Amino acid sequence: TVSDADILNDAKTVGDVVSFGLGTQGQRFSPMTQINTKSVKDLVPAWSMSFGGEKQRGQESQPVIHNGRMFVTASYSRLFAFDAKTGKKLWKYEHRLPDGIMPCCDVINRGAALYGDLVIFATLDAQLVAMNQETGKVAWKQKIGDYAAGYSATAAPIIAKGKLITGVSGGEFGAVGRIDARDPLTGKLLWTRPTVEGHMGYRYDAEGKEIENGISGTLNATWTGDLWKTGGAATWNGATYDPETNLIFAGTGNPAPWNSHLRPGDNLFSSSTVAIDVDTGKIVWHYQNTPHDGWDFDGVNEFVSFDYKDPKTGKLIKAGGKADRNGFFFVNDRTNGKLLNAFPFVRKITWASSINLETGRPNYIEEGRPGDPAAGVDGKKGKVVFSAPSFLGGKNQQQMAYSPQTGLFYVPANEWSMDIWNEPVSYKKGAAYLGAGFTIKAIHDDYIGVMRAVDPATGKIVWENKNYAPLWGGALATAGGLVFYGTPEGYLKGVDAKTGKEIWSFQVGTGIVAPPVTWEQDGEQMLAVTTGWGGAVPLWGGDVAKRVNFLEQGGSVWVFKLHKR
Ligand SMILES: O=C(O)c1cc(C(=O)O)c2c(n1)C(=O)C(=O)c1cc(C(=O)O)[nH]c1-2
């Protein structure tokens, strides 16, 4: 069984992977060294297993591994249990999905959580399902949203201090984001914390009775009229948890609708990092990466805890790093949210010239905001603006890694742009709630994706590896001096963490849009990645989707280990 101690120590222990992020702080760093810059050239496949089925689409799942079993979620709300050593299929669960589900950005899932004897994941019809790890028998199910109103769920749950922590998707339909804490063994709700100002949070007593748990003194002050009621800020990429501060860090999506002229104000807590007390569900601090977002710059990117040496004072600070969809990399004090540093990690940014380190607010470029349709001649279409990054972001769902060995973040970034304009829109249950039109375009002929090694203290890009297609898979850093990541072209790569030099690669036969993991199995270091091209790019990518339409779908897990000579 998986205990709280197993989860607390996940980043340091090598025998399994029991949390999303290889430790709930989300560093995606492994202390293992058997596979290193010298030996990595001898990596060979150990096994591969297909998800089968007629339907494929994007596979974004991070495998979790415990007690010789690997649990991987797959497209269309499926979950597979494999023998971690041989790949033998142990069981599978296929969730029965209703016809009316409305995931905005492909039928993907990012992974499962482990606790006790259970494996738990979220489904596209906004449910949580917990199964016995050995048998696959369903232990409990809970509905977390109304799929007919656009709610879905794609993020991997995490376990924080014995609580199951989950988010919701649906921002493109005016769903209201929130973070829930449940008893992982029963599914019982312990607290719920909405991420749109104006909505009340609740705690539940022993009898399950609601106790109000709001943010005192604040009502929907940063919203106009009634728009907060359907205000988005979806927590669609889940959360990280830092045991040192007892805080859950949730990234929140764009405010709804996209047309920012309809909702003057900062629109809290959209496009933000929200730090929530794991015991009470109260918001302890928040930092808004894009106040009054008008570009769909969801701030759901993972907030990764790390120790930051202040370049001026030399003091070690408990910090967190976030490569935001809006193109800036933010470093905040994770005890109180104070901004320590902010710098661009993509080269072209048109909406703000910089982030003011004193006030913590962006220096907007006013011409960079799409125009108000109500100000136009016919009131139907606002001024079109050229904008970079595109709304798919300098970084999207693909997870970065942090190596305490190099002190660098490894950010799977994208350089692209869009034409974007606003249109009138009003809320209708179950209908897209954007009020915007757009086309995404490449900036450069030779690349969109670019893996960047970023120094959080100086903002310097230490090295970069360009990639033709947009990077959409996460990174893994190891004490072996390596960074692993996959490309939509199908290459899983092992590169030198210090220089970026590619030392090993393997073609998996379809695109990679998931983060690799590593663990030790019977004394051997194993490397695993889920494969299968998809996610938001082929659906929303405009000109970019056409440019990469040669990429083929798939659906499988690949596992590698060193060839014994
Ligand atoms: O606002 C939302 O609720 C929401 C949800 C999701 C999702 O659940 O995957 C994505 C987005 N927004 C989104 O804006 C986006 O770019 C995106 C990309 C992906 C993906 O997995 O490829 N999901 C999502």
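What you see is a predicted model; the values in this text were computed from it and never measured. Both counts, for ligands and for their atoms, begin at 1 and track the order of listing.
Atom 20 (C) of ligand 1 has as its closest protein heavy atom E60 OE2, 3.3 Å. Of the protein's heavy atoms, W236 CG, 3.1 Å lies nearest to atom 5 (C) of ligand 1. Ranking the protein heavy atoms by distance from atom 19 (C) of ligand 1 puts C105 CB, 3.6 Å first. The shortest contact between atom 9 (O) of ligand 1 and any protein heavy atom is with R110 NH2, 3.0 Å. When hydrogens are left out, the protein atom nearest atom 15 (C) of ligand 1 is R325 NH1, 3.4 Å; that is the closest non-hydrogen contact. With respect to atom 18 (C) of ligand 1, the closest heavy atom belonging to the protein is N396 OD1, 3.2 Å.
For the pair R547 and Y468, the cation-pi test (distance below 6.0 Å, angle within 45°) is passed.
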- [ ] Apply the test side-chain contact (heavy atoms from CB on, under 4.5 Å) to residues F80 and V557: give CA-CA distance (whole Å), side-chain angles for both, the deciding distance (0.1 Å), then the verdict.
- [x] CA-CA 10 Å; F80 289 76; V557 181; over 6 Å; no
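For the ligand labelled ligand 1, residue D106 lies outside the 4.0 Å heavy-atom shell.
Near A536, meaning under 4.0 Å from one of its heavy atoms, ligand 1 places the atoms 18 (C), 19 (C), 20 (C), 22 (O). Per-residue contacts place G171 under 4.0 angstrom from the following atoms of ligand 1 (heavy atoms of the residue considered): 1 (O), 2 (C), 3 (O). Every atom of ligand 1 with a heavy atom of L392 under 4.0 Å away is listed here by number and element: 16 (O). Taking every heavy atom of G535 and a limit of under 4.0 angstrom, the matching atoms of ligand 1 come to 22 (O). Near G170, meaning under 4.0 Å from any of its heavy atoms, are these atoms of ligand 1: 2 (C), 3 (O).
Residue contacts with ligand 1, taken as heavy atom pairs separated by less than 4.0 Å, do not involve V513 at all. Contacts between Q398 and ligand 1, counted as non-hydrogen atom pairs separated by less than 4.0 Å, are absent for every part of the residue. Proximity of W472 to ligand 1, defined as any heavy-atom pair under 4.0 Å, is confined to the side chain (atoms from C-beta onward). Here V300 has no heavy atoms under 4.0 Å from ligand 1, in either its backbone or its side chain. At a 4.0 Å heavy-atom cut-off, ligand 1 touches C104 through the side chain alone. Only the side chain of D298 comes within 4.0 Å of ligand 1, judged by heavy-atom distances.
At a threshold of 4.0 Å, the pair E464-R347 counts as salt-bridged, since one of the basic side-chain nitrogens sits closer than that to a carboxylate oxygen. A salt bridge links D296 to R325: at least one charged side-chain nitrogen sits closer than 4.0 Å to a carboxylate oxygen.
At least one side-chain heavy atom of N213 sits less than 4.5 Å from a side-chain heavy atom of K282.
Aromatic ring orientation, W540 versus F391: perpendicular (interplanar angle above 60°, classes split at 30° and 60°).
Annotation: Y287 is in aromatic contact with F330 [ring centroid separation under 6.0 Å]. Separation of the W285 and F249 ring centroids falls under the 6.0 Å cut-off.
S75 and Q59 share a side-chain donor-acceptor pair at under 3.5 Å.
For N332 (side chain) and G337 (main-chain N/O), a donor-acceptor pair under 3.5 Å exists by modelled atom type. A donor-acceptor pair under 3.5 Å is formed between the side chain of N109 and the backbone N or O of A122.
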